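The structure under discussion appears below in the form of C-alpha cells.
Keep in mind that what you see is a predicted model, and the values were worked out from it rather than measured.
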Amino acid sequence: MSYIAVATNSFDDATKFYGEQLGFPVVEQWDRDRGRGKRFDLGGLRVEILDNTRERKPLKLGNPADRIHVVIEVDDIETARDQIRVATPAPRSVSWGANLIQIRDPDGVPVTFLQWTGVS
C-alpha cells in the first residue's frame, strides 16, 4: 500500500488531529529513541506522521500549506462533517461540481473533505 509521509515538530497534536479529531484509524505505529510515527488509513490513502524532533537528522520544516493538500473523498459531506471532532465550516459548493469542507491540521496543512456532486 502506498502512503504519504509528513514530518512534523508537533507530533502529539498532529496524531491527535488525524486520529481522535478526524476519526481515522491507526494501522501502524512505532516509538523508538530515534524515531516515532503513526500511520493512519484515510479510506484507502494512508498518511504517515513522523516526529521530526526524534529523527537523527531533523529536517528543516518550512510551511507545507503551499505544497501539500490532503483531500478525502466522501459519499456524504454532512455525515463526514458530523464525524469530525473539531470546529468545521459549513460545506460549500464549488463551480467544478463538488461540495467541500476545508480545515487545517496543526501544521497548517489543508485537509479537504470533498463530495462530488456532478453539477458544474
* Structure fact -> In short, Gln29 meets Lys38 closest at the heavy-atom pair OE1-CE, 3.1 Å
* To do: Determine, for Arg36 against Asp12, whether the closest basic-nitrogen to carboxylate-oxygen distance falls under 4.0 angstrom.
  => yes
* Structure fact -> When every non-hydrogen atom of Glu55 is compared with those of Gly35, the smallest separation belongs to OE2-CA, 4.3 Å
* Quick one: are Pro91 and Glu78 in side-chain contact, heavy atoms under 4.5 Å? -> yes
* Mind checking the CD1-CZ spacing from Ile103 to Phe17? Nearest 0.5 Å is all I need. => 4.0 Å
* Asked: Side-chain heavy atoms under 4.5 angstrom apart, residues restricted to Ile, Leu, Val, Met, Phe, Trp, Tyr: same cluster for Ile101 and Val86?
  -> yes
* Separation of Ser10 OG from Lys16 NZ (nearest 0.5 Å) -> 13.0 Å
* To do: Without swapping roles, check the side chain of Asn52 against the backbone of Leu59 for a donor-acceptor pair under 3.5 Å.
  => yes
* **Interatomic spacing from CZ in Arg85 to CD in Gln21 - rounded to 0.5 Å** => 9.0 Å
* Of all residues at least two apart in sequence or in a different chain, which pass the side chain to side chain donor-acceptor pair (under 3.5 Å) check with Asp13? -> none
* **His69 NE2 to Arg104 CZ distance, which is reported to the nearest 0.5 Å** => 8.0 Å
* Can you get from Val111 to Leu61 by hopping between Ile, Leu, Val, Met, Phe, Trp and Tyr side chains that sit under 4.5 Å apart? -> no
* To do: Flag the pair Phe40 / Ile49 as yes when at least one side-chain heavy-atom distance between them is below 4.5 Å, and no otherwise.
  => yes
* To do: Check side-chain contact (heavy atoms from CB on, under 4.5 Å) between Glu73 and all other residues, then give those that pass, not counting sequence neighbours.
  => Leu114, Trp116
* Structure fact -> In short, Glu48 meets Trp30 closest at the heavy-atom pair OE2-CH2, 3.3 Å
* **Arg39 to Tyr3, cation-pi by 6.0 Å centre distance and 45° axis angle** => yes
* State plainly whether one hydrophobic cluster holds both Val27 and Leu45, where clusters connect Ile, Leu, Val, Met, Phe, Trp and Tyr through side-chain heavy atoms under 4.5 angstrom apart. => no
* **Check: Gly43 main-chain N/O paired with Asp41 side-chain donor or acceptor under 3.5 Å** => yes
* Which pair of non-hydrogen atoms, one from Ala80 and one from Val74, has the smallest distance, and what is that distance? -> CB-CG1, 3.9 Å
* Would you give the length of the straight line joining atom CG of Asp51 to atom OG1 of Thr8, rounded to the nearest 0.5 angstrom? => 7.5 Å
* Taking atom CG of Asp75 as the centre, report whether more than 12 heavy atoms of other residues, nucleotides or ligands fall under 6.0 Å from it. => no
* Distance-only, no hydrogens or angles: does the Gln115 side chain make a donor-acceptor pair with backbone N or O of Asp76 under 3.5 Å? -> no
* Identify the heavy atoms of Val70 and Ile72 that sit nearest to each other, and give their distance. => CG1-CD1, 4.1 Å
* Asked: Going from CG on Asn9 to CG on Leu50, what distance comes out if it is rounded to the nearest 0.5 angstrom?
  -> 11.5 Å
* Whether Arg46 side chain and Ile4 backbone form a donor-acceptor pair below 3.5 Å -> no
* Qualifying residues under side chain to side chain donor-acceptor pair (under 3.5 Å), relative to Arg81, sequence neighbours excluded -> Thr88
* **Minimum-distance pair of heavy atoms, taken over all atoms of Val47 and Leu42** => CG2-CD2, 3.8 Å
* To do: Answer yes or no: are there more than 12 heavy-atom neighbours, outside Asp33 itself, under 6.0 Å from its atom CG?
  => no
* To do: Could you check whether the rings of Phe24 and Phe113 sit parallel, tilted or perpendicular, using 30° and 60° as the cut-offs?
  => parallel
